[in-house]
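Worksheet: one structure, shown below.
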Number of protein chains: 2
Amino acid sequence: MTPASEPYRDSSGRALTDYPRPSVAVDTAVLTVTEGGIAVVLVESEGDAALPGTFLHESEALADAVLRSLREKAGIEGLAPRQLHVFDRPGRDSRGWVLSVAHRVVVPERMLRLDDAHARVTPLAEALARPLAYDHDEIIRRAAESLRTDYRDSPDPERLMAEPFTLRELQQVHEAVAGARLPRDAFRRAMEPRLRATGELTSGTRGKPARLFRMPKASQR
Amino acid sequence: MTPASEPYRDSSGRALTDYPRPSVAVDTAVLTVTEGGIAVVLVESEGDAALPGTFLHESEALADAVLRSLREKAGIEGLAPRQLHVFDRPGRDSRGWVLSVAHRVVVPERMLRLDDAHARVTPLAEALARPLAYDHDEIIRRAAESLRTDYRDSPDPERLMAEPFTLRELQQVHEAVAGARLPRDAFRRAMEPRLRATGELTSGTRGKPARLFRMPKASQR
DNA sequence: TTCTTTTAGCGCAGAAGCGCGGTAAAGGAG
DNA sequence: CTCCTTTACCGCGCTTCTGCGCTAAAAGAA
């Protein structure tokens, strides 16, 4: 990296900062899975509801800006943001030339401690039915679709479940994500080989006790 | 949009441009498919080879910046850029704080007219074996992977082939993209229902004449 | 002309996947 | 204590998919 004492100059003697640059924001769809399906955290601001977001600070990585905005606006910690898409339509932000890099994070419902009163967990359908700021409905749609894709053929890739769990519990989470009932046998056959059986059984429940599973050690493939 | 005469001010009275902003570049993997497989356009600059790219101009859409850079650097016209990923690692560009939005475009080999002497079509493996500027090897890997995904279960989604074509020709293109032989019968069964038979046959070739196909009218689903 | 070579296209048997129903195993109701 | 309800889990037939090999059809060689 060029030291600050010798800034870069192009062939016309100008530094990069002599050219027009956009403001860059990050906006994040914080998803969780409730009994009723996918839900998303919305922040109630002056106008329409919005996703938590912030402007990128100097020399900050996008993922760090996402984590900072979640910490400040929703008291959420320790996540792995996934980049979705850059929204760049000229005029999308009335304040000026702003690019927004959309992200997705997924949090277990029990880990969501919204200490900020105007941040609320909103079911997906309800969130999309409301008027939302900027392109935030499109971001939510992409985030939900990417979550559904991830859950299509891998057991709980976002580690939403507390261990150990039964196959039925796993299926209920997958059905909440998919927003549809899943065929029981096909689900079992696809998932069981990718789990690690603990050898223990549930007790105190109605019906035949179920076997308990954990995620396999390293990559759950 | 707020008129220019009344620029936006935040609660501390500052405009967006009073805060530090990154330079935003676009870098594009221009892919084509040759007999030998996927190939990518590399620009030979002073140092390592690089992908064609440019800085985003004021209020310009990312896709427009991609098209402008390809027109200027490689004489390529009329494409649909697809956004891949934003590269944001601090220090990735020695000239300063630069975000790069990686894109992919796909061009039929016969449409590539590189009027610029230092832009060259390079086979994928060769390109990845060379030292490349910035994160350009990662961009090429992502671009090739997305192309392979697209060709996995849809006939020639990038319309690389001249019509009409035979199933064998289609399979050869798909094998070049996949970098592997594909099973003949499974390929036929997957693709034929998604094509429109012209009713015509090849002639002047050795062996039994093949039926000729075109893409279906609207979406090739 | 006749045989050989090349490639398209189809029939068929084996494999794999799917869902239905049956059985086992526990708690709760009466 | 007995029966009923609930849920787990497995066997079995059915459908779908896969790949092999056969046949057809045309060009080129002899």
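Atom set for the values below is all heavy atoms of this structure, side chains included, hydrogens, waters and symmetry mates excluded. Letters go in sequence order (proteins before strands), and every chain restarts at 1.
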Test of understanding: with side-chain hydrogen bond (donor to acceptor under 3.5 Å, both in side chains), list the residues that count as partners of [X], not counting sequence neighbours.
| X | result |
| --- | --- |
| E109(B) | none |
| D27(B) | S100(B), H136(B) |
| R196(B) | none |
| R141(B) | D137(B) |

request  = Round to a whole Å and report the spacing from CZ of R181(A) to P of dG19(C).
outcome  = 13 Å
query = Rounded to whole angstroms, how far apart are CD on E192(B) and C1' on dC10(C)?
reply = 11 Å
message = On DNA chain C, does the nearest nucleotide to P183(A) precede the nearest nucleotide to A210(B) from the 5' side, or the other way round? Give the residue.
response = A210(B)
Selection residues 75-84 of chain B - residue pairs positive for salt bridge (charged side-chain N to carboxylate O under 4.0 Å, His left out), sequence neighbours left out = R71(B)-E77(B), R82(B)-D150(B)
key: Where chain B begins and ends its contact with DNA chain D, read 5' to 3' at 4.0 Å from heavy atoms   = dT18(D) to dG28(D)
ask   = Just wondering, are more than 12 heavy atoms of other shown residues or ligands nearer than 6.0 Å to CD in E163(B)?
value = yes
Bend angle of the helix from dT1(C)-dA30(D) to dG30(C)-dC1(D), end axes from five pairs each (to 10°) = 10°
message = Which residues pass the ring-ring contact (aromatic ring centres under 6.0 Å, His included) test with H103(A), not counting sequence neighbours?
response = none
Sequence neighbours excluded and cut-off under 3.5 Å, please list the side-chain donor-acceptor pairs for residues 178-185 of chain B, or say none.
from    : atom 1 : to      : atom 2 : distance (Å)
R181(B) : NE     : E175(B) : OE1    : 3.4
R181(B) : NE     : E175(B) : OE2    : 3.3

Side-chain donor-acceptor pairs under 3.5 Å in residues 126-135 of chain A, sequence neighbours left out?
from    : atom 1 : to     : atom 2 : distance (Å)
R130(A) : NH1    : E44(A) : OE2    : 3.0
R130(A) : NH2    : E44(A) : OE1    : 3.0
Y134(A) : OH     : R95(A) : NH2    : 3.2
D135(A) : OD1    : R89(A) : NH2    : 3.4
D135(A) : OD2    : R92(A) : NE     : 2.5
D135(A) : OD2    : R92(A) : NH2    : 2.9

query = Think R211(B) has a side-chain N or O under 4.0 angstrom from the OP1 or OP2 of dA8(C)?
reply = no
request  = Let me have a per-nucleotide readout for nucleotides 20-30 of chain C, 5' to 3', with B, S or -, counting only protein heavy atoms under 4.0 Å.
outcome  = BB--BBBSS--
inquiry  = Quick check: do W97(B) and P90(B) have side-chain heavy atoms less than 4.5 Å from each other?
reply    = no
task = Report the residues that fulfil side-chain contact (heavy atoms from CB on, under 4.5 Å) with A143(A), sequence neighbours left out, ordered by chain and then residue number.
result = A29(A), L31(A), L84(A), R104(A)
ask   = Reckon R188(A) touches a base, only the sugar-phosphate, or nothing at all at heavy-atom distances under 4.0 Å?
value = base
